[in-house]
Amino acid sequence: MHVRRRFSVSFDYDLRFTRHVFAPDNSDLLEAFGPIPSGRPHRCLVYLDDGLTAANPGLAAAVARWFELHEDRGVQLAATPRQVPGGEVIKQDRAVIELVGRSIAEHNVCRHGFVVIVGGGAVLDAVGLAASLAHRGVRQIRLPSTTLAQADAGLGVKNGINAFGHKNFLGTFTPPWAVVNDADFLTTLAPRDRRAGIAEAVKVALIEDAGFLHWLVAHATAIAAGEAAAIEEAVRRCALLHLAHITGGGDPFEHGSSRPLDLGHWSAHRLEILSDHTLNHGEAVAIGLALDLLYARRRRFLDATLVDLILDALATFGFALWHPALDLRDRNGRRRILEGIEQFREHLGGELCLAMPDGPGRRQDIHEYDADLGEACARELKRFARRAARGAMT
Ligand SMILES: NC(=O)c1ccc[n+]([C@@H]2O[C@H](COP(=O)([O-])OP(=O)(O)OC[C@H]3O[C@@H](n4cnc5c(N)ncnc54)[C@H](O)[C@@H]3O)[C@@H](O)[C@H]2O)c1
Ligand SMILES: [Zn+2]
């Protein structure tokens, strides 16, 4: 006997943009929880990125106060908000699964409770993974606190930690219950972390929205100077493009091998590891994009002048487009960065599929990568980065 049935599961995606989310009269988070089942308050655990709390010392108290004020509206803190290590360090081992899993068990948070995660992409990924494993998935509300997290990482349906020498090797696909982007969080970011999200904005603009791409190029100086209005607009447009892709792209759980939002990422993920995480994700993506832009120009997928404009904009944002890890070679003299191609292929299940630009705001998939051309692109990028660095000094 043979039975075949098809079923599908639908998700609602709730994304809000706000300011001062924990101000007593702000109701965005309350609305994000959704209707309260009669008589049973939503039990919540809150995790805070310790880099965020260091920059906002009153945050933990404001969160506790907000929940106190809204307890009669059906939301209840199951425990005091807990700080967790911010940055990639939280993704480097499995301690976070133990910590969050134990709290969920000890504080009787069931699958209808909530884990509220406030922090950068690394904290969202790691705590999100732990929440997705406990009870096979406790609902999570994400409050991303960096440009990269508000524009990209916090919106995705993926989470994970690093393991066995690979980025995000252990993880799950778990859509968040809701995402609340508070622009006010972005004001305390260090310039490095502020610029990181802009690399993802360039990425998505390049393959989805030519108008946004030209806007980014035109506002490169304002963004580099940290002008809040420009940064907020870049983050918001990038977030909406990502959301459109996730909800309308047809393959949110990446069952197929096409991963359009991974332009520049085959090398970026490798570079993060090869640089021992001295490069953050956004910085590695900027270099990965530069390599793919040069490749696209050599393959005539993109106009030469446009490639120059985008490379110059990346340099204007403040990204260094070279890192010594790009020069690392294996026993056979091949650049180790090219290992990223093989890892991508494995990750996709054997068939290589790389997103490449196909004119501004358009994308195509390629299934072969010419390593000699890649080598030439790396050399060209080194020369470009040297010139850009000299230009920045004069
Ligand atoms: N799941 C996904 O779809 C996805 C997509 C892209 C990136 N990512 C992951 O996201 C991570 C990078 O995220 P990121 O760029 O947000 O960096 P991050 O999470 O490493 O945070 C950078 C630093 O900023 C601090 N910080 C956070 N908010 C702050 C604030 N408001 N003020 C001051 N400091 C603050 C953190 O403590 C940390 O030290 C990487 O691990 C990457 O793999 C995941
Ligand atoms: Zn990315």
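In listed order, ligands and their atoms are each counted from 1.
- Two residues are said to be in side-chain contact when any heavy atoms from C-beta on lie closer than 4.5 Å; Asn181 and Val179 meet this criterion.
- Only protein N, O or S atoms were scored, and 3 of them lie under 2.8 Å from the Zn ion (ligand 2).
- Contact of the Lys167 side chain with the Lys91 side chain is registered, since non-hydrogen atoms from C-beta on lie closer than 4.5 Å.
- Other members of the hydrophobic cluster containing Val100, listed by chain and number, are Leu45, Tyr47, Val84, Ile90, Val96, Ile97, Leu99, Ile104, Val109, Val115, Ile117, Val123, Leu124, Val127, Leu129, Leu133, Val138, Ile161, Phe164, Phe169, Leu170; membership follows side-chain contacts under 4.5 Å among ILVMFWY residues, whether direct or relayed.
- At most 12 heavy atoms of other shown residues, nucleotides or ligands fall within 6.0 angstrom of atom NE2 in His347.
- Using a 4.0 Å cut-off to heavy atoms of Lys158, the atoms of ligand 1 that qualify are 1 (N).
- For ligand 1, the polar-atom distance check against Leu186 finds no nitrogen or oxygen pair separated by under 3.5 Å.
- Partners of Glu233 under the side-chain hydrogen bond (donor to acceptor under 3.5 Å, both in side chains) rule, at least two apart in sequence or in another chain, are Arg237.
- Given atom 5 (C) of ligand 1, the protein heavy atom at minimum distance is Asp152 OD1, 3.2 Å.
- A 4.5 Å side-chain heavy-atom check between Thr247 and Pro252 finds every atom pair outside the cut-off.
- For atom 18 (P) of ligand 1, the nearest non-hydrogen atom from the set Pro85, Ala122, Ala190 belongs to Ala122.
- Protein heavy atom in closest approach to atom 35 (C) of ligand 1: Leu189 CD2, 3.7 Å.
- At least one N/O-N/O distance between Glu88 and ligand 1 falls below 3.5 Å.
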Side chain to side chain donor-acceptor pair (under 3.5 Å) between Trp266 and Asp292: does it pass, once the steps are laid out?
CA-CA 10 Å; Trp266 66 265; Asp292 281 358; 3.0 Å; yes

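- One N or O on the side chain of Ser275 and one on the backbone of Leu279 form a donor-acceptor pair closer than 3.5 Å.
- Nearest protein heavy-atom contact of atom 28 (N) of ligand 1 is Ser145 OG, 2.7 Å.
- Between the Arg362 side chain and the Asp209 main chain, no donor and acceptor come within less than 3.5 Å of each other.
- Taking the side-chain hydrogen bond (donor to acceptor under 3.5 Å, both in side chains) definition, one finds that Asp365 meets it with Ser258, Arg363, sequence neighbours left out.
- Contact atoms of ligand 1 toward Lys167: 40 (C), 41 (O), 42 (C), 43 (O) (distance under 4.0 Å to a heavy atom of the residue).
- The shortest side-chain heavy-atom distance between His265 and Lys203 falls under the 4.5 Å cut-off.
- Comparing heavy-atom distances from atom 8 (N) of ligand 1 across Ala153, Gly87, Gly86, Gly121 singles out Ala153 as nearest.
- The protein non-hydrogen atom at the shortest distance from atom 21 (O) of ligand 1 is Thr146 CG2, 4.1 Å.
- When only non-hydrogen protein atoms are considered, atom 15 (O) of ligand 1 lies nearest to Leu148 CB, 3.4 Å.
- For ligand 1, one of its N or O atoms has an N or O atom of Asp125 under 3.5 Å away.
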